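Letters A, B, ... mirror the listed sequences (proteins, then strands); counts begin at 1. Just so it is clear, the structure is predicted and the values come from calculations on it, not from any experiment.
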There are 2 protein chains.
Amino acid sequence: MAADYPAPFLHLVRELRRLPGVGPRSAERIALWLLSHRDAHPERLGTALHEAAASIVPCGKCGFFSTTGLCEICSQPSRHGREICVVEQATDILPIERSGAFHGLYHSLGGRLAPLDHVGPEQLRIEPLLERIRTEQPGEIILALSADVEGEATTNYLTGVLAPLGIPVTRIARGLPAGGGLEHADQLTLQRALGGRHPA
Amino acid sequence: MAADYPAPFLHLVRELRRLPGVGPRSAERIALWLLSHRDAHPERLGTALHEAAASIVPCGKCGFFSTTGLCEICSQPSRHGREICVVEQATDILPIERSGAFHGLYHSLGGRLAPLDHVGPEQLRIEPLLERIRTEQPGEIILALSADVEGEATTNYLTGVLAPLGIPVTRIARGLPAGGGLEHADQLTLQRALGGRHPA
């Protein structure tokens, strides 16, 4: 009978295979490295996973990652009372933060409208957003959702919901991406880039 | 000040980046998935890592992965007294095993001769191999080392050490790989394929 790896090894490979971008071969390669390389210290990764899983919770206000119930962003007093940037997912926050172009607060919806997946307005964090707007009185609401069909639908829905509040509501621009030549742009991107033209 | 992820998150990303084939971007992507996908269960991977690290030890005879001190292969009585296939690393054993072409025992050297890296014969598991040959009396020693300079040097060294024992010593064939066309073969592979020709 052909031999196989011991059960704890195969169990580790199965768990590694679940990670995004890790196929059967790389899962086995990673497990072999972890268990046979002298500097691998697999227990360090194991501990880091346990600690992250146990300590990281969504920020009670914006939904970003936090260890204290209120995230680093919502804890900065200099950001209070300014713009609130609405995003689909908590994972959308740091890319905007790293762009350096925004210094206000965020609000993650926890998804976007997707009727086919049974995601309606009541599944999103829209009510907490309205509550925040009432108490925090931000100067502007910036809708920074995906530039696809579901993102557009969610943006349109939110625009309607937020209009009665009397606060400026904007949406991020769509157009040619940085470094993107015209010859690579699709039809819709070009339509939006032209439609969004402004004085040079 | 631009915000960043909480410390336990960044620690997890650093540990993930150490894995082979995982760059900075995929480490962050994997960490985000682990901590924000509802079916991710990061603690399961953490536990699998701890259990594998704690329970897997090298087989006392061949060096393969084992949980009991003696691996699944060395524990099969049907394999005893047959060929011993000598490989560089424990990770080389299962590929041979899965080929279905070998049903004997293995012996991992734990490396190969590499004078520039200060790996000499005394750093390899050569003495335990000689001890095994004396006690187990195998019918043949098959040298299945890498087909590169250091693998060849190690094979030649072992051939000299094993010759006085009076047991047949063979080395695996070098030649055209399966599915490999002649137009893709390098010069050395073709030289070896020609040199190793046999009646059709």
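Looking at B:Phe64, the atoms closer than 4.5 Å to chain A (heavy atoms on both sides) all sit in the side chain, from C-beta outward. Using a 4.5 Å cut-off between heavy atoms, B:Leu16 touches chain A through backbone and side chain atoms alike. Looking at B:Arg14, neither its backbone nor its side chain comes within 4.5 Å of chain A, counting heavy atoms on both sides. Interface remark: B:Ala40 contributes backbone atoms only to the contact with chain A (heavy atom separation under 4.5 Å). Heavy-atom distances place both the backbone and the side chain of B:Thr47 under 4.5 Å from chain A. Of the atoms belonging to B:Leu12, heavy atoms from both backbone and side chain fall under 4.5 Å from chain A.
Residues forming a side-chain contact (heavy atoms from CB on, under 4.5 Å) with B:Arg18 (at least two apart in sequence, or on another chain): A:Trp33, A:His41, A:Arg44, B:Glu15. Judged as a side-chain contact (heavy atoms from CB on, under 4.5 Å), and not counting sequence neighbours, the contacts of A:Asp39 are A:His37.
A:Ile93 and A:Leu70 are members of different hydrophobic clusters when ILVMFWY side chains are connected at heavy-atom separations under 4.5 Å. At a threshold of 4.5 Å between side-chain heavy atoms, the hydrophobic network of Ile, Leu, Val, Met, Phe, Trp and Tyr places B:Leu158 and B:Leu130 in one connected group. Taking hydrophobic clusters as Ile, Leu, Val, Met, Phe, Trp and Tyr residues chained together by side-chain heavy-atom distances below 4.5 Å, B:Leu109 does not share a cluster with B:Val57. Placement of B:Leu176 and B:Ile172 in two distinct hydrophobic clusters is found when ILVMFWY residues are connected by side-chain heavy-atom separations under 4.5 Å, directly or transitively. Hydrophobic clustering keeps A:Leu190 apart from A:Leu188 (ILVMFWY residues linked when any side-chain heavy atoms are closer than 4.5 Å, directly or through intermediates).
Listed for the A:Glu97 side chain is a donor-acceptor partner under 3.5 Å among the backbone atoms of B:Ala3. Side chain of B:Glu72 to backbone of A:Asp4: a donor-acceptor contact under 3.5 angstrom is found.
Within residues 132-146 of chain B, no residue has any heavy atom less than 4.5 Å from a heavy atom of chain A. Heavy-atom proximity under 4.5 angstrom to chain A picks out B:Leu19, B:Pro20, B:Gly21, B:Val22, B:Glu28, B:Arg29, B:Ile30 from residues 19-30 of chain B.
Interface summary for chain A: among B:Leu32, B:Thr68, B:Leu94, the most heavy-atom pairs under 4.5 angstrom belong to B:Leu94. Your options are A:Gly100, A:Pro58, A:Cys71, A:Ala48, and the one with the most heavy-atom pairs under 4.5 Å with chain B is A:Ala48. Counting heavy-atom pairs closer than 4.5 Å to chain A, the top-ranked of the candidates B:Ala52, B:Ala7, B:Ala54 is B:Ala52.
Of all non-hydrogen atoms in A:Leu49 and B:Gly46, the two that sit nearest each other are CD1-N, 3.7 Å. Closest non-hydrogen pair, B:Phe65 versus A:Ser36, comes out as CZ-CB, 4.1 Å.
No more than 12 heavy atoms of other residues, nucleotides or ligands sit less than 6.0 Å from atom CD of A:Gln187.
A heavy-atom distance below 4.5 Å is not found between the side chains of A:Phe9 and B:Ser55.
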